[in-house]
*Asks:* 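Sharing a structure with you now.
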Amino acid sequence: MAGTDRGGQQGRERARHWQFAELPGVDLLRARYIRKEFVRHTHENFVIAAIADGVEVFHHGGGDQYAGPGALALVNPDTPHTGRAGVPEGWRYGAVYPPPDVVAAIAAETTTLRGTPGFVSPVLDDPYSARLVHQVLRATDEGNALAADTLLRVAVTRLLRLNGGTLPRREVRTAGARAAARARAVLEERMAAPPTLEQLAAELGTSPFALLRAFRDTYGMPPHAWLTDARVRRARKLLDEGTAPSEAAVAVGFTDQPHLNRHFSRIVGVPPGAYQRERKNVQDARPGLLVPSKAWQYNAPQPSQQPLTPPTDPTVPSYGTPSAWGSPSDSPDSPSA
């Protein structure tokens, strides 16, 4: 990863983006960034990022949001946002990216939310939840599937109860929004060889600037930025399937692998080669890595029974992960290279 002007181990940017076989579909990230800047992009999954040190700034919903130690950056699926350091020393964080169907199932079981659940505010200051996120990552490092699954469900339940709501349905009503949706479909279908803005507008029977405004209003970014984001998404799927980065680059419309590397790193946070190696590790992993300790089995909370206020005598299992009502006792892990 890139070095910094600080020098030494503490001044290096490091990141690991991986999956755990027992949490299917959930992306995991542990990183320290200093000069990294994430371009405007979206995720198909939810973003639950717990800040351990420093400050992250991300543009979301028309303004800059700031998340410091003990806070969480929360982004709903398909919501454009950016990311950068808010202080000279950068920021260190751990993140989980649960799919919408997982969050919806947890919400249906443990909350009163109806419709499509999501987060109301993009920043929540809650050290308890932040530590739960870090401990999900720790449990995956140790191969403790029961702990990882339970802690993830407890964390999502708590966040939905503290900061959850029903997401509005996106309805295509105006002519401009309908043109934007058709343009998006064309770009997705012809990703490797897309038309120019003028050609696209002509195909849809509108003008270039009218289409540009409608697309930006509907999807939060201009067509070319959306296309780059979509290409990276598709490249991720190809890499997951075992396609070589050089072949994936050409397949999605990038000129070559360095072109893919540049955009992939600015959206995913790690280069495509490192991303694919971690995916291969998951595919090669055998199920049932470790047997959970008896202490965890006896003390693991049921997500549907999570109170939000601690009782007078909290119990912390010997595993080192928190009970549903006790304060988490472990410090967040340092990111792995």
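Counting begins at 1 with the first residue of the sequence.
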*Asks:* Is the shortest side-chain heavy-atom distance between Pro272 and Asn261 below 4.5 Å?
*Replies:*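 Touching, per the 4.5 Å side-chain cut-off.
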
*Asks:* Let me check something: any side-chain donor-acceptor pairs from residues 70-81 under 3.5 Å, sequence neighbours excluded? List them with distances.
*Replies:*
from: Asn76; atom 1: OD1; to: Phe119; atom 2: N; distance (Å): 2.8
from: Asn76; atom 1: ND2; to: Phe119; atom 2: O; distance (Å): 3.1
from: Asp78; atom 1: OD1; to: Arg233; atom 2: NH1; distance (Å): 3.4
from: Asp78; atom 1: OD1; to: Arg233; atom 2: NH2; distance (Å): 3.0
from: Thr79; atom 1: OG1; to: Asn76; atom 2: O; distance (Å): 3.0
from: Thr79; atom 1: OG1; to: Pro77; atom 2: O; distance (Å): 3.3
from: His81; atom 1: ND1; to: His41; atom 2: O; distance (Å): 3.3
from: His81; atom 1: ND1; to: Thr79; atom 2: O; distance (Å): 2.9
from: His81; atom 1: NE2; to: His41; atom 2: NE2; distance (Å): 3.3

*Asks:* Only one of Leu132, Leu162, Thr110 clears side-chain contact (heavy atoms from CB on, under 4.5 Å) with Thr157; which?
*Replies:*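 When Leu132, Leu162, Thr110 are each tested with Thr157, the side-chain contact (heavy atoms from CB on, under 4.5 Å) holds only for Thr110.
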
*Asks:* Determine the minimum heavy-atom distance between Pro24 and Ala21, stating which atoms define it.
*Replies:*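 The answer is CD-O, 3.9 Å.
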
*Asks:* When you look at His134 and Arg138, which way does the side-chain contact (heavy atoms from CB on, under 4.5 Å) test go after all the steps?
*Replies:* CA-CA 6 Å; His134 290 294; Arg138 172 172 291 183; over 6 Å; no

*Asks:* Mark yes or no for whether Asn163, through its side chain, and Ser121, through its backbone, hold a donor-acceptor pair below 3.5 Å.
*Replies:*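 Looks like yes, one N/O pair under 3.5 Å.
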
*Asks:* side-chain hydrogen bond (donor to acceptor under 3.5 Å, both in side chains) with Arg84: which residues, sequence neighbours excluded?
*Replies:*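 side-chain hydrogen bond (donor to acceptor under 3.5 Å, both in side chains) list for Arg84, sorted by chain: Asp64.
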
*Asks:* Nearest 0.5 angstrom please: Arg216 CZ to Met221 CE, how far?
*Replies:*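 Separation between the atoms: 11.0 Å.
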
*Asks:* Go through it in stages, so that I can follow the logic: the residues are Asp217 and Thr174, the test is side-chain contact (heavy atoms from CB on, under 4.5 Å), and I'd like the CA-CA distance, side-chain angles, deciding distance and then a yes or no.
*Replies:* CA-CA 11 Å; Asp217 290 344; Thr174 67; over 6 Å; no

*Asks:* Do Val55 and Val133 share a hydrophobic cluster (ILVMFWY, side-chain heavy atoms under 4.5 Å, transitive)?
*Replies:*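 No, it is not one cluster - the side chains of Val55 and Val133 are not joined through contacts under 4.5 Å.
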
*Asks:* When the side chains of residues 223-230 are checked against the rest of the protein, which donor-acceptor pairs come out under 3.5 Å, sequence neighbours left out?
*Replies:*
from: Thr228; atom 1: OG1; to: His224; atom 2: O; distance (Å): 3.2
from: Asp229; atom 1: OD2; to: Thr42; atom 2: N; distance (Å): 3.1
from: Asp229; atom 1: OD2; to: Thr42; atom 2: OG1; distance (Å): 2.6

*Asks:* Closer than 3.5 angstrom, by distance alone: can the side chain of Gln276 be matched with the main-chain N or O of Thr243 as a donor-acceptor pair?
*Replies:*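 It does hold such a pair.
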
*Asks:* Shortest non-hydrogen contact from Ala107 to Leu160?
*Replies:*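 Answer, listing the atom of Ala107 first, then Leu160: CB-CD1, 3.7 Å.
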
*Asks:* Between Tyr97 and Phe46, is the ring centre distance below 6.0 Å?
*Replies:*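 So the answer is no for these two rings.
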
*Asks:* If only atom types and distance count, is the side chain of Ser265 paired as donor or acceptor with the main-chain N or O of Arg262 below 3.5 Å?
*Replies:*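 It does not hold such a pair.
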
*Asks:* Do Leu167 and Val47 sit in the same hydrophobic cluster, where Ile, Leu, Val, Met, Phe, Trp and Tyr count as joined when their side-chain heavy atoms come under 4.5 Å apart?
*Replies:*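 No, Leu167 and Val47 fall in different hydrophobic clusters.
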
*Asks:* Mind checking side-chain hydrogen bond (donor to acceptor under 3.5 Å, both in side chains) for Arg190 and listing every partner two or more places apart, or none if nothing turns up?
*Replies:*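 Arg190 satisfies side-chain hydrogen bond (donor to acceptor under 3.5 Å, both in side chains) with Glu203 only.
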
*Asks:* With heavy-atom distances below 4.5 Å as the criterion, would you say the side chains of Phe209 and Leu197 are in contact?
*Replies:*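 Of all side-chain heavy-atom pairs linking Leu197 with Phe209, none is under 4.5 Å.
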
*Asks:* With side chains defined as the heavy atoms from C-beta onward, is the minimum distance between Tyr93 and Ile51 less than 4.5 Å?
*Replies:*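 A side-chain contact under 4.5 Å exists here.
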
*Asks:* Holding to side-chain hydrogen bond (donor to acceptor under 3.5 Å, both in side chains), I want the full list of residues that pass it with Thr112, two or more places apart in sequence or in another chain.
*Replies:*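 So Thr112 forms no side-chain hydrogen bond (donor to acceptor under 3.5 Å, both in side chains) with any residue.
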
*Asks:* Charged N to carboxylate O under 4.0 angstrom, Arg153 versus Asp149?
*Replies:*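 Yes.
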
*Asks:* So, Arg158 and Asp126, do they make that salt bridge, N to O below 4.0 Å?
*Replies:*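 Yes, this pair counts.
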
*Asks:* When rounded to the nearest 0.5 angstrom, what is the spacing between CD1 in Ile34 and CD in Glu89?
*Replies:*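 These two atoms lie 9.0 Å from each other.
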
*Asks:* Just verifying a value: how many Å separate Leu137 CG and Leu29 CG, rounded to the nearest 0.5 Å?
*Replies:*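 That separation rounds to 8.0 Å.
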
*Asks:* Looking at every non-hydrogen atom in both residues, tell me the closest pair between Leu204 and Ala179 and how far apart they are.
*Replies:*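 Closest pair (atom of Leu204, atom of Ala179, distance): CD1-O, 3.6 Å.
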
*Asks:* Backbone N or O of Leu146 within a donor-acceptor pair of the Thr150 side chain at under 3.5 Å?
*Replies:*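 Yes, Thr150 side chain to Leu146 backbone: donor-acceptor pair under 3.5 Å.
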
*Asks:* With ring-ring contact (aromatic ring centres under 6.0 Å, His included) as the rule and sequence neighbours excluded, what pairs involving residues 138-164 come up?
*Replies:*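 Non-adjacent pairs meeting ring-ring contact (aromatic ring centres under 6.0 Å, His included): zero.
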
*Asks:* To the nearest 0.5 Å, how far apart are OH in Tyr33 and CZ in Phe38?
*Replies:*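 Here the interatomic distance stands at 4.0 Å.
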
*Asks:* What is the minimum heavy-atom distance between Val57 and Gly86, and which atoms define it?
*Replies:*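 Reported closest heavy-atom pair: CG2-CA, 3.4 Å.
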
*Asks:* Testing the basics here: between Asn45 and Pro98, what is the closest heavy-atom pair and its distance to 0.1 Å?
*Replies:*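 For Asn45 and Pro98, the tightest heavy-atom pair comes out as CB-O, 3.3 Å.
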
*Asks:* Keeping the roles fixed (side chain from Gln199, backbone from Thr196), state whether a donor-acceptor pair exists under 3.5 Å.
*Replies:*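 Flag set: sc Gln199 to bb Thr196 pair under 3.5 Å.
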
*Asks:* Is any side-chain heavy atom of Leu239 less than 4.5 Å from a side-chain heavy atom of Arg279?
*Replies:*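 The answer is no, as the side chains (C-beta and beyond) never meet within the 4.5 Å cut-off.
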
*Asks:* Could you go through the side-chain contact (heavy atoms from CB on, under 4.5 Å) check for Val268 and Arg236 one step at a time?
*Replies:* CA-CA 9 Å; Val268 181; Arg236 287 183 61 179; 3.9 Å; yes

*Asks:* To the nearest 0.5 Å, how far apart are CD in Gln65 and OG1 in Thr82?
*Replies:*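 Interatomic distance, Gln65 CD to Thr82 OG1, rounded to 0.5 Å: 10.0 Å.
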
*Asks:* Taking NZ, NE, NH1 and NH2 as the nitrogens, is one of them in Glu13 or Lys36 under 4.0 Å from a carboxylate oxygen of the other?
*Replies:*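 Lys36 and Glu13: not salt-bridged.
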
*Asks:* Filter on ring-ring contact (aromatic ring centres under 6.0 Å, His included), then keep only pairs touching residues 175-208, sequence neighbours left out; what's left?
*Replies:*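 Non-adjacent pairs meeting ring-ring contact (aromatic ring centres under 6.0 Å, His included): zero.
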
*Asks:* Report the hydrophobic cluster partners of Val250, with the cluster defined as I, L, V, M, F, W, Y residues connected by side-chain heavy atoms closer than 4.5 angstrom, directly or transitively.
*Replies:*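 Members other than Val250 - counting any ILVMFWY side chain reachable under 4.5 Å - there are none.
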
*Asks:* Is the backbone of Met191 close enough, under 3.5 Å, to the side chain of Arg231 for a donor and an acceptor to pair up by distance?
*Replies:*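 Yes; judged by distance alone, with no hydrogens or angles, the pair exists.
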
*Asks:* Show me the pairs that pass ring-ring contact (aromatic ring centres under 6.0 Å, His included) and involve residues 51-73, at least two apart or across chains.
*Replies:*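 The answer is none; no pair qualifies.
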
*Asks:* Where do Leu200 and Ala183 come nearest, in terms of heavy atoms and distance?
*Replies:*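 For Leu200 and Ala183, the tightest heavy-atom pair comes out as CD2-CB, 3.8 Å.
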
*Asks:* Pairs in or reaching into residues 140-162: which pass ring-ring contact (aromatic ring centres under 6.0 Å, His included), with residues at least two apart or in two chains?
*Replies:*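 Sorted pair list comes back empty.
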
*Asks:* With sequence neighbours excluded, tell me which residues meet side-chain hydrogen bond (donor to acceptor under 3.5 Å, both in side chains) with His17.
*Replies:*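 With sequence neighbours excluded, His17 shows a side-chain hydrogen bond (donor to acceptor under 3.5 Å, both in side chains) to no residue whatsoever.
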
*Asks:* Has Arg234 got a side-chain atom pairing as donor or acceptor with Glu188's backbone, closer than 3.5 angstrom?
*Replies:*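 Judged by distance alone, yes, a pair lies under 3.5 Å.
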
*Asks:* Is any side-chain heavy atom of Asp141 closer than 4.5 Å to a side-chain heavy atom of Arg30?
*Replies:*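 When only atoms from C-beta onward are counted, Arg30 and Asp141 do touch, with a gap below 4.5 Å.
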
*Asks:* Taking atom CG of Leu28 and atom CD of Gln19, what is their separation to the nearest 0.5 Å?
*Replies:*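 Rounded to the nearest 0.5 Å, the CG-CD separation comes out at 7.0 Å.
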
*Asks:* Could you pull out every donor-acceptor pair under 3.5 Å between side chains of residues 251-260 and any protein atom, sequence neighbours left out?
*Replies:*
from: Thr255; atom 1: OG1; to: His259; atom 2: ND1; distance (Å): 3.2
from: Asp256; atom 1: OD1; to: His259; atom 2: N; distance (Å): 3.0
from: Gln257; atom 1: OE1; to: Ser246; atom 2: N; distance (Å): 3.4
from: His259; atom 1: ND1; to: Thr255; atom 2: N; distance (Å): 3.1
from: His259; atom 1: NE2; to: His263; atom 2: NE2; distance (Å): 3.3

